[in-house]
Structures are given as structure tokens and as C-alpha cells.
Amino acid sequence: MSVSAGWSGPGVGAAGLPLAYEQAGTALNERLYEGYGRVHAYLPLERRRLNGEEWAAQTAGILETGDEARAAGLISGWVDQLRSEPAAAEDVYTAADALLRRMIRLGMDSGLPLSAELADYTRRQVETLELSEIGDLLERQARLVAEASAGRRLSRERRLTEEMKQYMRENLALNIGVQDVAERVGLGVSSVSSIFKEETGSTVYEYLTRLRMEEACSLLEHTGMKIAEIALRTGYSNENSFIRVFRKLKDVTPGKYREIGRSSKEYADPPKSQNGVSGERMEE
């Protein structure tokens, strides 16, 4: 066990005890920079003030994206700056406390169990640590929270992508586009385009077009619907537009595709005799 003590300035009488107590507390706070297990004499230093809440919010915002490396860089950079340009100890404690509380909320939102050192967290925990120990604590927790946030974000994007696909499958007959898909999932067009491309390797337009052409091929092969009707069933109000897109992807017109499909089927089916038995020679 180590003991630290803060010593007030000299020449303070009994009437000045409140001031002496305040000075002793200020001196004791220097353990943040000078270490524990020693006596810290009061010096009337003017420490710079620190906007800890702003820094904590910025770092937590990065952690929420799952970018562990960038968040760790902010924390280590903050600690390094405090070593070269010490700030008021109260401000440092406030910043560390604010970030840890934000980390706890992010972890809980991600379903991450609290680590043992944060299970019953209070601000007093950071007020009994040296600067390097505060930095180590913040980086350890940042790593855990970033991993959980990245996993949650990945899961969320996969879910959103599946929701987009389902919406497109269910609305092939409608003249929908990226804007409609974005409205369906409650995101902006740029966000939808980015998420879908990252998850599938295709743009929303490319995927939707492939779905439409797959449905068109099925209708051409298994129904006698006219080309114009199939165009409407797959979201094209203009038959010529449908034919142009179909030819671009399949290298043939819809009519030719149907003709080839019928010829292939007739070739694959052996001729039947009058009694319904295949014309193949049978041997025992």
C-alpha cells in the first residue's frame, strides 16, 4: 500500500484552514502527473483548462463506428499531450470519467457484459490513478467496445441488406428505384448505396435488374404471356426498354430466348409412341 499526501502553502493560520485544505487538495492532485507514494507540495501553478466532454464525445463517436485503431490513437495522443502540457487534474478526471461512461452505454447497447473493473464504476476509480494508468484503462475498454460496436454494425448492415433485397423481390412489378429502397429502410440514398455495395458487391440498380431478368426468363420459359405483359410484370412500363435491357444482359431478345428454350425442351424430350411409351429400344 502506498500513501500520497498534499501539503498546503506556508504561512496559513487557523483562520485560513479552508484555504489550506483547498491548497492541499490541489497539491495532492499532482499525483496524477508525479506519481503516488510521495508528498506533493503546493505550488501556485496555473494549469490549462481542458474541454473534456467534447473530447469524450468525439472519441465515443469513433468507437461507435468500430474503428478501434483511430479511437486508440485519440486516447494515446491525448495522454501524450497531457504529459507535455499538463492540464488541470479535475478536467482530466472529468474527461476520463465522461468517456468511460459513454463506453459503458455503448457496451450495454451492444449487449457487451461490463468488464470487472467497470462493473461498479464510479468516478473515484479514475481519481485514484496516475495518468499512464488512466490511459491504459481507457485503451483497454476502447478495444472491447470497438469490437462489440463493429460486430453490431456488421450485423445491422447485413439485416438492412436483406430487408432491401426482400423489398425488391416483393415489388418487381413496380417501377421502383434506389430512392424507394432507401425510404423503405429509412436511410439516405448514399447510405443505402454504400451499404448494399459493400455487402453484395453490386449496386442496387444492378441487383434489381438481375432480379427482373430472372423473373422475365421464368415467365418466358413457363408461360405463354406476351412480351408486353412480361415487361409490365417485371417493372417496365415500356416494352422497348424491357427488350433493350434483356438483350444487353442475355445477348438475345426475349422472343428469341423463348424460342431457344422451346427448341431445347423439344430436343430434350424423346418422342412418344402412340401408346405413350418412349420410342427408345428397350432390352432385358
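Please read these numbers as outputs of a predicted model, since none were measured by experiment. Along the sequence shown, the residues carry numbers beginning at 1. No hydrogens, no waters, no symmetry mates; every other heavy atom, side chains included, goes into these values.
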- Task: Say whether Ile75 and Leu32 are linked into one hydrophobic cluster, either directly or through other cluster members, by side-chain heavy-atom distances under 4.5 angstrom.
- Result: yes
- Between the CG atom in Leu137 and the CE atom in Met103, the distance rounded to the nearest 0.5 Å is 8.0 Å
- Output for pair (Thr253 OG1, Arg244 CZ), nearest 0.5 Å, gives 14.0 Å
- Task: First locate atom CG of Leu99, then atom CG of Leu138, and finally report the distance between them rounded to the nearest 0.5 Å.
- Result: 5.5 Å
- Tell me, please, which residues at least two apart from Val39 pass side-chain contact (heavy atoms from CB on, under 4.5 Å). Ala5, Trp7
- Task: Write out all pairs satisfying ring-ring contact (aromatic ring centres under 6.0 Å, His included) with one or both partners inside residues 54-79, taking only residues at least two apart or from two chains.
- Result: Trp55-Trp78
- Query: Does Tyr36 share a hydrophobic cluster with Leu82, counting links as ILVMFWY side-chain heavy atoms below 4.5 Å and allowing steps through other members?
  - Reply: no
- Between the CD atom in Glu127 and the CG atom in Leu28, the distance rounded to the nearest 0.5 Å is 10.5 Å
- Query: Which heavy atom in Ala87 sits nearest to a heavy atom in Arg47, and how many Å separate them?
  - Reply: C-CB, 3.7 Å
- Query: Does Asn238 reach the main-chain N or O of Ser241 with its side chain, forming a donor-acceptor pair under 3.5 Å?
  - Reply: yes
- Task: For the residue pair Val79 and Ile134, establish whether any side-chain heavy-atom pair is separated by less than 4.5 Å.
- Result: no
- Task: List for me each residue that meets ring pair (Phe, Tyr, Trp, His ring centres under 6.0 Å) alongside Tyr236, sequence neighbours excluded, and say none if there are none.
- Result: Phe242
- Message: Among residues at least two apart in sequence or on other chains, which ones pass salt bridge (Lys or Arg N to Asp or Glu O under 4.0 Å) with Arg83?
- Response: Asp80
- Has Tyr205 got more than 12 heavy atoms of other residues, nucleotides or ligands less than 6.0 Å from its OH? no
- Query: What pair of heavy atoms forms the shortest contact from Pro254 to Ile243, and how long is it?
  - Reply: CD-CG2, 3.9 Å
- Item | Validation row: Val252, Glu259 side chains within 4.5 angstrom (heavy atoms) | no
- Message: Under a 4.0 Å threshold between the charged nitrogen and the carboxylate oxygen, would Arg159 count as salt-bridged to Glu162?
- Response: no
- Enumerate the residue pairs fulfilling side chain to side chain donor-acceptor pair (under 3.5 Å) with a member in residues 209-229, sequence neighbours excluded, ordered by first and then second residue. Ser202-Arg210, Glu221-Tyr257
- Query: More than 12 heavy atoms of other residues, nucleotides or ligands under 6.0 Å from CZ of Arg70: is that the case?
  - Reply: no
- Message: Test of understanding: with side-chain contact (heavy atoms from CB on, under 4.5 Å), list the residues that count as partners of Arg49, not counting sequence neighbours.
- Response: Ala88, Asp91
- Message: Tell me which pairs pass salt bridge (Lys or Arg N to Asp or Glu O under 4.0 Å) where either residue lies in residues 167-192, with sequence neighbours left out.
- Response: Glu163-Arg184
- Task: Evaluate the side-chain contact (heavy atoms from CB on, under 4.5 Å) criterion for residues Leu211 and Lys165: first the C-alpha distance (whole Å), next the side-chain angles of each, then the deciding distance (0.1 Å), finally the verdict.
- Result: CA-CA 9 Å; Leu211 282 180; Lys165 289 180 179 179; over 6 Å; no
- Task: For the pair Arg123 and Thr94, evaluate side-chain contact (heavy atoms from CB on, under 4.5 Å) and give the outcome as yes or no after the intermediate values.
- Result: CA-CA 8 Å; Arg123 175 180 168 128; Thr94 296; 3.1 Å; yes
- Message: When you group the ILVMFWY residues by side-chain heavy-atom contacts below 4.5 Å and let the links chain together, are Val178 and Val185 in the same group?
- Response: yes
- Task: Answer yes or no: does atom CZ of Arg101 have more than 12 heavy-atom neighbours from other residues, nucleotides or ligands under 6.0 Å?
- Result: yes
- Item | Test side-chain contact (heavy atoms from CB on, under 4.5 Å) applied to Ser84 - qualifying residues, sequence neighbours left out | none
- If you draw a 6.0 Å radius around CZ in Arg247, do more than 12 non-hydrogen atoms from other residues or ligands fall strictly inside? no
- Considering all heavy atoms of both residues, which atom of Gly52 and which atom of Ala95 are nearest to each other, and what is their separation? CA-CB, 3.4 Å
- Query: Transitively linked via ILVMFWY side-chain contacts under 4.5 Å: Tyr33 with Tyr93?
  - Reply: yes
- Do any pairs count as a side chain to side chain donor-acceptor pair (under 3.5 Å) and have a residue in residues 186-195, sequence neighbours left out, and if so which ones? none
- Ile176, Ile195: one ILVMFWY side-chain cluster at the under-4.5 Å cut-off? yes
- Task: For residues 164-197, pull every pair meeting ring-ring contact (aromatic ring centres under 6.0 Å, His included), keeping only residues two or more places apart or in separate chains.
- Result: Phe196-Tyr207
- Taking every heavy atom of Glu133 against every heavy atom of Thr128, the minimum-distance pair comes out as OE1-O, 4.5 Å
- Please assess Leu208 against Leu172 for the test side-chain contact (heavy atoms from CB on, under 4.5 Å), listing each intermediate value before the final yes or no. CA-CA 8 Å; Leu208 181 57; Leu172 283 181; 3.9 Å; yes
- Just grab all the salt bridge (Lys or Arg N to Asp or Glu O under 4.0 Å) pairs involving residues 17-28, residues at least two apart or on different chains. none
- Task: With rounding to the nearest 0.5 Å, note down the distance linking CZ in Phe246 to CG in Leu220.
- Result: 5.0 Å
- Residues at least two apart in sequence or cross-chain that pass side-chain contact (heavy atoms from CB on, under 4.5 Å) with Glu54, listed by chain then number, are Asn51
- Item | Ile227 to Gly255 - nearest heavy-atom pair and separation | CD1-N, 4.2 Å
- Taking atom CG of Leu63 and atom CD of Gln58, what is their separation to the nearest 0.5 Å? 11.0 Å
- Note on the structure: In terms of heavy-atom contacts, Glu239 and Ala228 come closest through OE1-CB, 3.5 Å
- Query: Run the side-chain contact (heavy atoms from CB on, under 4.5 Å) check on Met213 and Lys248 step by step: do they pass?
  - Reply: CA-CA 11 Å; Met213 293 305 104; Lys248 182 178 180 180; over 6 Å; no
